[in-house]
Amino acid sequence: MLVKTFGSAIQGIIATTVTVEVAVEQGINFFLVGLPDNAVKESQQRISSALNSYGYRIPGKKIIINMAPADIKKEGSAYDLTIAVGILAANEQITDADRLKEYLIMGELSLDGTLRSIKGALPIAMQAKKEGFRGFILPKTNAKEAAIVQGLDVLGVDNIMQVINFFNGSETIEKEVIDIEKEFEKGLESYDLDFSDVKGQENIKRAMEVAAAGSHNVLLIGAPGSGKTMLAKRLPSILPPLTLEESLETTKIHSVAGKMGSRSSLVSVRPFRSPHHTISDVALVGGGAYPQPGEISLAHNGVLFLDELPEFKRTVLEVLRQPMEERVITISRTKQTTEYPASFMLVAAMNPCPCGYYNHPTVPCTCSPGAVSRYMGKVSGPLLDRIDIQIEVVPVPFKELSDKRVGERSEEIRQRVVAARRIQKERFAGLENIHCNAQMTPKLMKEFCAISEQSSNLLKNAMTKLGLSARAYDRILKVSRTIADLEGEKDIQPNHIAEAINYRSLDRESWGR
């Protein structure tokens with residue numbers, strides 16, 4: 001008897017439905033074809049033990065299993081349940097085989113028949129609904145995640161016996177129901193860290209506000225203990241809340257990477273990823289034999305924080321350049337090419353020199369001549385070109401540390417950021433892939449960053465006297481456009497230019513000399 005069950009394969013964050021054809025015939029053997037990897041080939045032993053736990057057996061006959069389309073690699077152990085149900089139905093141990101075509105079935109089997117979680121439940125559920133399936137049967141630990149998809153019966157199960165009884169008509173499985181609006185709103189304000197915790201550093205808080213308003217990349221340079229990491233970790237709390245569309249896209253990436261917990265259904269706060277400086281190229285950008293999302297994709301719609309920037313391997317930092325420009329990462333392998341979204345804000349922090357005390361107000365620098373320049377040289381010019389705001393963080397004096405007054409809360413700052421982003425949304429309406437000032441092309445800058453003669457003279461004098469590099473010119477204009485938006489000004493004023501100039505510490509010729 002020939003029976004068809006349905007599973008799904010993930011490529012990038014896109015799901016493709018897989019038809020599992022099972023034929024049980026006279027003879028003795030077990031054939032599994034259709035480009036399965038080793039984890040799929042090993043399913044026979046898991047299925048056999050799981051069925052034995054409930055008094056069922058794999059029939060001692062010739063079993064042929066084809067996973068179509070055969071030109072797509074089938075990876076992982078999530079096809080165990082799909083194959084097991086197909087074998088039972090083909091051997092007539094499941095009586096209502098006609099209902100199988102209505103459901104997509106996925107799940108990894110333990111030897112005792114219980115189900116383990118799978119990766120990519122959300123994109124699989126989206127594709128199942130798109131292709132007209134009535135429901136999706138999967139492990140209960142993934143049910144909340146898949147239930148985000150409205151109009152699809154999501155049936156979470158604990159073991160294979162529930163699935164057998166369901167198709168035999170002796171048991172019903174309760175549908176998982178999620179109020180997506182309630183779930184989304186519940187997490188919007190769930191930030192544990194707040195800018196009111198930061199003592200002093202008003203100029204750095206202002207720089208972070210400007211960065212958030214225009215989605216500008218930031219580099220914080222300062223001595224150990226000056227508060228760089230503390231400030232960076234609080235940046236997500238002042239970014240605009242995720243839209244529902246952004247939340248779904250972010251959740252898909254985390255789902256494919258297996259980062260969604262059993263209690264999670266939706267990523268509703270902006271991600272903050274902080275990889276250690278020993279990270280490899282593949283772990284950062286994604287990849288592997290079977291490509292998986294890396295840290296830059298997990299930071300999509302959020303913040304990627306690189307602490308101790310010069311300590312990262314040069315090759316790791318250089319691979320950031322392409323996704324920072326194109327906001328997507330393409331991973332090419334011999335047999336497939338995968339794309340993952342990678343639209344993130346880069347926040348980097350570093351010491352100014354090997355000892356950490358160059359330009360410190362009280363502690364002398366002990367580095368040898370030229371050491372500062374060599375240390376800064378670990379970060380390439382092309383990467384620095386992509387960082388709009390570079391600002392020095394000075395240690396907080398004791399007087400400010402002991403001040404009992406509470407600083408401005410993140411919520412208040414976020415309101416100004418949201419207002420500025422609203423202006424940019426209207427400005428770039430109708431332009432593809434341009435949503436904020438940091439993404440402006442040279443053509444758009446000519447249109448939206450025009451400055452008066454007074455502002456032009458100020459910028460010219462600053463570049464001459466401070467020795468600012470040519471690459472600083474465009475960055476200053478972009479940042480000054482954002483500052484004007486924060487103040488609700490239509491035109492860029494000289495004071496906006498002056499503030500933006502202060503955010504280019506590394507471009508000054510005196511730095512490191």
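Heavy atoms only: backbone and side chains are in, while hydrogens, waters and symmetry mates are out.
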Tell me, do [X] and [Y] make a side-chain contact under 4.5 Å, heavy atoms counted?
| X | Y | result |
| --- | --- | --- |
| Tyr340 | Val285 | no |
| Leu219 | Leu384 | yes |
| Ile87 | Pro59 | yes |
| Glu249 | Asn301 | yes |
| Leu306 | Leu304 | yes |
| Thr337 | Ile331 | no |
| Phe166 | Ile137 | yes |

Would Gln424 and His435 count as a side-chain hydrogen bond (donor to acceptor under 3.5 Å, both in side chains) if you check the C-alpha gap in whole Å, the side-chain angles of each, and the deciding distance to 0.1 Å?
-> CA-CA 7 Å; Gln424 293 165 53; His435 308 290; over 6 Å; no
Rounded to the nearest 0.5 Å, how far does [atom2] of [Y] lie from [atom1] of [X]?
| X | Y | atom1 | atom2 | result |
| --- | --- | --- | --- | --- |
| Phe428 | Ile434 | CZ | CD1 | 7.0 Å |
| Asn217 | Arg475 | CG | CZ | 8.5 Å |
| Thr114 | Gln162 | OG1 | CD | 11.0 Å |
| Ile13 | His254 | CD1 | NE2 | 11.0 Å |

Quiz item: Under 6.0 Å from the six-membered ring centre of Phe195 and within 45° of its axis: does the NZ or CZ of Arg414 meet both?
Solution: no
Closer than 4.0 angstrom, basic N to acidic O: yes or no for Lys144 and Glu176? no
Q.
Quick one, Ser170 with Asn168, criterion side-chain hydrogen bond (donor to acceptor under 3.5 Å, both in side chains). Give me CA distance, side-chain angles, the key distance, then yes/no.
A. CA-CA 6 Å; Ser170 60; Asn168 282 336; 5.7 Å; no
Notebook entry, point to check: So, do Tyr103 and Phe133 have ring centers that fall under 6.0 Å from each other?
Noted result: no
TODO: Decide yes or no on side-chain hydrogen bond (donor to acceptor under 3.5 Å, both in side chains) for Glu318 and Ser380, but give the supporting numbers first.
DONE: CA-CA 8 Å; Glu318 292 308 298; Ser380 71; 2.7 Å; yes
With sequence neighbours left out, the residues meeting salt bridge (Lys or Arg N to Asp or Glu O under 4.0 Å) with Glu245 are none
The residue among Leu100, Asp80, Leu138 that forms side-chain contact (heavy atoms from CB on, under 4.5 Å) with Ile105 is Leu100
So side-chain hydrogen bond (donor to acceptor under 3.5 Å, both in side chains) across residues 7-27, not counting sequence neighbours, yields Thr17-Glu131, Glu21-Asn66
Point to revise | Derivation and outcome, side-chain hydrogen bond (donor to acceptor under 3.5 Å, both in side chains), residues Thr482 and Asn437 | key: CA-CA 7 Å; Thr482 299; Asn437 291 334; 2.9 Å; yes
